[in-house]
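Just so it is clear, the structure is predicted and the values come from calculations on it, not from any experiment. Letters go in sequence order (proteins before strands), and every chain restarts at 1.
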Protein chains: 2
Amino acid sequence: MYHSEKMLREKGIKVTPQRAAILDVLRDTREHPGVEVIYQRVKKQFPSISLATVYKTVELFVRSNLIQELCLTGDVSRYDARVESHPHVACMNCGKVEDIDNFDMEYIIEPAEQATGYKILKEEIMYFGYCGDCKGVMDN
Amino acid sequence: MYHSEKMLREKGIKVTPQRAAILDVLRDTREHPGVEVIYQRVKKQFPSISLATVYKTVELFVRSNLIQELCLTGDVSRYDARVESHPHVACMNCGKVEDIDNFDMEYIIEPAEQATGYKILKEEIMYFGYCGDCKGVMDN
DNA sequence: ATATAACTGAAAAACATTATTAATTAGTTT
DNA sequence: AAACTAATTAATAATGTTTTTCAGTTATAT
């Protein structure tokens with residue numbers, strides 16, 4: 001069950017069972033679920049939870065840097081409990097989103113600051129293509 | 001006024017004044033406008049145009065690779081008539097989105113295919129930070 | 001234990017996007 | 001050039017997502 005409660009306390013967020021359950025769900029998957037999927041999972045434990053609570057909670061978690069929000073064209077926002085910056089790849093056929101680990105990202109911030117004059121805080125790299133399962137199917 | 005009509009014809013898209021005007025708007029700006037902004041601009045020329053037409057048209061243009069769609073967390077979809085892959089930077093204060101030119105991207109696809117086993121078709125790189133105008137203001 | 005400020009659940013509201021439909025138009029055929 | 005046909009448009013309704021509101025409840029500090 002992880003130490004989600006402790007994580008909330010460390011961020012100065014008031015601990016409620018709903019919040020801990022939502023954070024548990026996100027820490028317990030690599031699927032990058034959207035709000036609706038999170039809602040369905042937390043509901044198993046808290047049948048009376050409201051979708052609005054899930055919306056409010058993920059927004060709070062993003063603000064507190066407990067999770068990060070991923071943006072996919074033509075899809076709902078999806079959430080990832082791994083907050084360190086890392087690229088993702090989305091399958092254009094089945095819609096799954098996976099982490100890409102062991103990518104050194106530091107080198108990519110500095111040249112962008114040089115080129116733009118911006119103070120850059122974070123970046124989001126999203127690849128789009130066909131996953132191992134779908135790429136054969138798409139050959140038809 | 002560019003050659004937007006010719007571009008539509010080359011893609012086998014039926015040419016209408018509304019479509020040419022929408023493509024003109026996108027080719028005439030580097031602001032990466034969303035649907036509502038495009039609508040307001042085309043309205044100056046076609047006061048009776050419908051927002052639904054703008055939605056359908058940008059969707060058609062994206063499918064035809066005349067424009068690309070950009071995804072920003074917590075914002076509407078935005079559109080860019082420069083379809084070659086290039087990174088963008090968004091100001092977290094004023095919301096503006098700029099192109100980053102002269103970035104060599106090729107090297108970034110291959111290692112991702114190796115790491116994931118995906119057939120990758122495109123990628124989207126979005127930096128988030130504070131632009132030259134806003135970064136001073138944010139120091140307060 | 002009590003107080004209080006914050007949180008939850010439910011519903012309504014706001015907002016963004018898509019679907020429907022009758023009238024119009026573009027591009028083709030005659 | 002007129003007629004034909006299929007596609008497009010504008011308007012509106014419908015849908016889907018996210019945010020707001022608010023009364024009742026709960027977590028934390030005292």
Side-chain angles (χ1 to χ4, degrees), chain A residues 4-26 32-64 66-79 95, chain B residues 4-25 32-64 66-67 69-79 95:
Chain A
S4 294
E5 293 197 14
K6 190 176 158 224
M7 291 178 71
L8 294 172
R9 243 179 277 277
E10 280 167 2
K11 292 283 183 182
I13 294 172
K14 192 187 272 195
V15 177
T16 69
Q18 292 91 337
R19 286 175 173 175
I22 290 168
L23 191 50
D24 283 345
V25 165
L26 284 165
H32 309 85
V35 165
E36 184 62 34
V37 172
I38 299 168
Y39 173 59
Q40 293 303 334
R41 290 193 190 159
V42 176
K43 232 176 163 173
K44 289 173 189 160
Q45 211 185 332
F46 293 94
S48 73
I49 197 170
S50 161
L51 189 54
T53 298
V54 181
Y55 271 102
K56 278 181 279 201
T57 302
V58 296
E59 197 226 323
L60 170 68
F61 287 179
V62 170
R63 272 202 325 267
S64 309
L66 279 168
I67 64 176
Q68 64 172 307
E69 186 173 0
L70 304 182
C71 194
L72 289 118
T73 47
D75 194 1
V76 296
S77 282
R78 300 173 65 154
Y79 298 93
Chain B
S4 294
E5 292 195 16
K6 190 175 159 225
M7 293 177 71
L8 293 172
R9 244 178 276 278
E10 280 167 2
K11 292 282 183 182
I13 294 172
K14 193 186 272 193
V15 177
T16 68
Q18 292 90 337
R19 285 175 175 175
I22 290 168
L23 191 50
D24 283 344
V25 165
H32 309 85
V35 165
E36 184 62 35
V37 171
I38 299 168
Y39 174 60
Q40 293 303 335
R41 290 194 191 160
V42 176
K43 231 176 163 174
K44 290 173 188 159
Q45 210 184 332
F46 294 93
S48 72
I49 197 171
S50 162
L51 187 55
T53 298
V54 181
Y55 270 102
K56 274 182 284 202
T57 303
V58 297
E59 197 226 325
L60 171 68
F61 287 178
V62 170
R63 272 201 326 268
S64 308
L66 279 168
I67 64 176
E69 185 173 0
L70 303 182
C71 194
L72 289 119
T73 46
D75 194 0
V76 295
S77 282
R78 300 173 65 155
Y79 299 93

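- Where DNA chain D meets chain A (any atom under 4.0 Å from a heavy atom), the bounding nucleotides read 5' to 3' are D/dT17 to D/dT28.
- The minimum heavy-atom distance linking A/Ala21 with A/Gln45 is given by the pair CB-OE1, 3.8 Å.
- Scanning both residues, A/Val54 and A/Ile22, for their nearest heavy atoms gives CA-CD1, 4.0 Å.
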Below 3.5 Å is the cut-off: list the nitrogen or oxygen pairs between protein and nucleotides 27-30 of chain C, distance only.
residue	atom	partner	partner atom	Å
C/dG27	OP1	B/Val15	N	3.0

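- Counting non-hydrogen atoms under 4.0 angstrom, B/Thr53 reaches a base of the nucleic acid.
- Minimum interatomic distance between B/Tyr39 and B/Leu51 (heavy atoms only, all atoms of both residues): CE1-N, 3.4 Å.
- Computed from coordinates, the A/Phe46 CZ to C/dC7 C1' distance equals 13 Å when rounded to whole Å.
- Counting to the nearest Å, the P atom of C/dT18 and the CG atom of A/Asp75 are 12 Å from each other.
- For B/Glu36 and C/dT17, the CD to P distance is 10 Å, given to the nearest whole Å.
- Residues B/Val58 and B/Ile67 share a closest heavy-atom pair of O-CD1, 3.8 Å.
- The one candidate from A/Glu69, A/His32, A/Glu59 that meets the side chain to side chain donor-acceptor pair (under 3.5 Å) condition with A/Ser77 is A/Glu69.
- A 6.0 Å sphere centred on NZ of B/Lys11 holds more than 12 heavy atoms belonging to other residues, nucleotides or ligands.
- Comparing B/Val35 and B/Pro17 by the nucleotide of DNA chain C whose heavy atom lies nearest to each, the residue mapping closer to the 5' end is B/Val35.
- Atom CD1 of A/Ile22 is separated from atom C1' of C/dT8 by 11 Å (rounded to the nearest Å).
- Between A/Leu51 atom CG and C/dA11 atom C1' the separation is 13 Å, expressed in whole Å.
- The distance from atom CD of A/Gln45 to atom C1' of C/dT8 is 16 Å, rounded to the nearest whole Å.
- Nucleic acid contact class of A/Pro47 (heavy atoms, under 4.0 Å, all strands): none.
- A donor-acceptor pair is defined here as one N or O able to donate and one able to accept, closer than 3.5 Å; such a pair exists between the side chain of B/Arg19 and the backbone of B/Lys14.
- One can place OH of A/Tyr55 at 13 Å from C1' of C/dA14, the figure rounded to the nearest angstrom.
- When the side-chain nitrogen and oxygen atoms of A/Gln18 are compared with OP1 and OP2 of C/dG9, one or more of them lie within a distance under 4.0 Å.
- For A/Ser50, no side-chain nitrogen or oxygen approaches OP1 or OP2 of C/dA10 to under 4.0 Å.
- Spacing between atom NZ of A/Lys56 and atom P of C/dT8 amounts to 8 Å, rounded to whole angstrom units.
- Of all the heavy atoms in A/Asp24 and A/Ser4, the pair that sits closest is OD1-OG, 2.6 Å.
- In this structure a side-chain-to-backbone donor-acceptor pair under 3.5 Å is present from B/Ser50 to B/Ala52.
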